[in-house]
Q: 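The structure under discussion is supplied below as C-alpha cells; questions concerning it will follow.
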Amino acid sequence: MDTAKAAAELAATHQEQFGEAPIGVFAAPGRVNLIGEHTDYAGGFVMPAAIDFATVAAVSRRMDGVASVYSVNFDKRVEFALDAVPPKGSHEWSDYPFGVLEVLRAEGIDGGLGAAAKQGGFSLSLFGDVPLGAGLSSSASIEVATMLALLAVAGVELPGPKMALLAQRAENTYVGANCGIMDQFIACCGKRDSALLLDCRSLESKLAPIPTNLSLVICNTMVKHSHAGGEYNTRRAEVEQATATLRSHRPEIALLRDATPADLEQWGHEMPLNVLKRARHIITDSLRAEAAAAALERGDLEALGQLMAEAHASYRDDFEASCPEADLMVELANQQPGLVGARLTGGGFGGCTVNLVEEQHARAFGDAVAKAYEQQTGIKPDVFQCHASDGAKKVL
Ligand code: ADP
Ligand code: MG
C-alpha cells in the first residue's frame, strides 16, 4: 500500500461519511513470520517482518457522546453511544475497533472516549488492503491502526510494546481469539527493510537487516485443513507434557524455551515419541530464529536459506503441522532461480508459504510457482509481492 495516497483517499471518504475532516490518519501493517513457529507460547523466539500491506484509520472528534466506525472494505457503519458499547464482541468486523476502545478505557485512557464523556465521542473510518483471513494478520493491523487513532483523540502517546500488549488484549478478551503477541508487536514495532527478532517472554526485540535487493513473496496455498483447530489444542497439550517431563529433572525449565537440545537427548526417552518430536521442533525452531537473525546481521543468505529449509522440515516432520499442498508449494519454490529460502509460515495445516527471493526474480518466481501449483492441484493460489516495511505510524 502507498500509505500516503491511501491516507489522502481515506481522508476524503471520511469527510463524505461524517462531514468532518479527520484530525489524523494512521497506518498499521500486516506481517509475515520468517521463522519461529509455535515458539511464542513456549516463551521462545519468532522473527516476523511487517509488510507493505496495511490498514489506514482516519479519525475525528465528536461532541454527541457517540462512537461511530465505518469500514470502507465492508461499506458498513456501526455506532454506539459511549455508555452503551457492548461489553463483548458479536463476531462482527466492528469487534476489532470496539475491542480496542474497550481496552483503552479499561486502562483509564478515556479523554473523549469515556462512558461519562457525554460531550465526547469519535468517528473512525477504516480501510485495509491486507487480505482478510489469509494469515497476514489484517486483524492486528486494524487493531493497531485503530489504537493510534483513538490515542490521538485522547491525546495520549504510548510506547510500541505497550500498544502491542493492549491490542493483543483486545483480540483475546473482546474479539475472543486466543492469539499470541507477535502480530501486534510487529505491527507496532516493525521497521522498513528489517526483520524483528522477538523474545516472546521478555518482549525484548532487535532488528535484523533484510538486504534491499530481496523481496518477500507470500504464496497462499488456499487450503486450511478443517482439523487445524483440534490439532492446535493437541500440540499445545503435547508441548505442556514435554515441558513437565523436562521440568521434573530441571525445575528451572518454566517454559520449553528454557530447555536445550541436550536436555531432550538426556530425557526425551521418557516421553512418547510424538511429544518428543513436538518439543524438538519448538526447541530447535526458537534456536533457528536466533540463528537466522545472526545470519541476516552478517549478510549470510546461504545460512539463512538453510535455516528456513530446516525450519520447514522440522515443521513438517517433527511438529507435523504441514500438509501436502504446503509441501508442494515449498518444493516448487526450491526449483526457482533467485530463491534464498522458503517455508510454510503461520499456524500450520495450510495457509501461506513465505519466500525470500532476489528482487529481479520475484515476479517470475511468483508466476512460476503459481502456474505449477495450479497445474498440480487445480487450485489457483494468491501470490503477494511484499517488502519489509515500517510499523504503525501517523501518515497525515
Ligand atoms: P487475519 O488476521 O489472518 O487476516 P483474522 O480472522 O484474524 O484473519 O482477522 C480478519 C478479520 O479482521 C476480518 O474478518 C474482519 O472482521 C477484520 N478486519 C480486518 N481488516 C478490516 C477492515 N479493513 N475493515 C473491517 N474489518 C476488518
Ligand atoms: Mg488475525
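Positions are given from 1 along the sequence. First listed ligand is number 1; within each ligand, the first listed atom is number 1. What you see below is based on every heavy atom in this structure, not just the backbone, and it leaves out hydrogens, waters and symmetry mates.
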Q: Any idea which heavy atoms bring L113 and L101 closest together, and the distance?
A: CB-CD1, 3.9 Å

Q: Using a strict cut-off of under 4.0 Å between a residue heavy atom and any atom of ligand 1, list the qualifying protein residues by chain and number.
A: S71, N73, F74, W93, Y96, G128, P131, L132, G133, A134, G135, L136, S137, S138, S139, I142

Q: Does any N or O in the side chain of R77 come within less than 3.5 Å of the main-chain N or O of Q17, such that one atom is a donor and the other an acceptor?
A: yes

Q: Can you say whether the rings of H249 and W267 are parallel (under 30°), tilted (30 to 60°) or perpendicular (over 60°)?
A: parallel

Q: S286 and T39: side-chain donor and acceptor closer than 3.5 Å?
A: no

Q: Going by salt bridge (Lys or Arg N to Asp or Glu O under 4.0 Å), name the residues that satisfy it together with K76, two or more places apart in sequence or in a different chain.
A: none

Q: Which atom pair, heavy atoms only, marks the closest approach of A154 to I109?
A: CB-CG2, 3.7 Å

Q: Using atom types as modelled and distance alone, determine if a side-chain donor or acceptor of D285 lies under 3.5 Å from a backbone N or O of I35.
A: no

Q: Which pairs of donor and acceptor atoms, one on a side chain in residues 367-378, lie under 3.5 Å apart (sequence neighbours left out)?
A:
unit_1	atom_1	unit_2	atom_2	d
Y373	OH	T221	O	2.8
T377	OG1	Y373	O	2.7
T377	OG1	I379	N	3.0

Q: Short question: side chain of H38, backbone of R278 - any donor-acceptor pair under 3.5 Å?
A: no

Q: Closer than 2.8 Å to the Mg ion (ligand 2), what protein N/O/S atoms do you find?
A: S139 OG

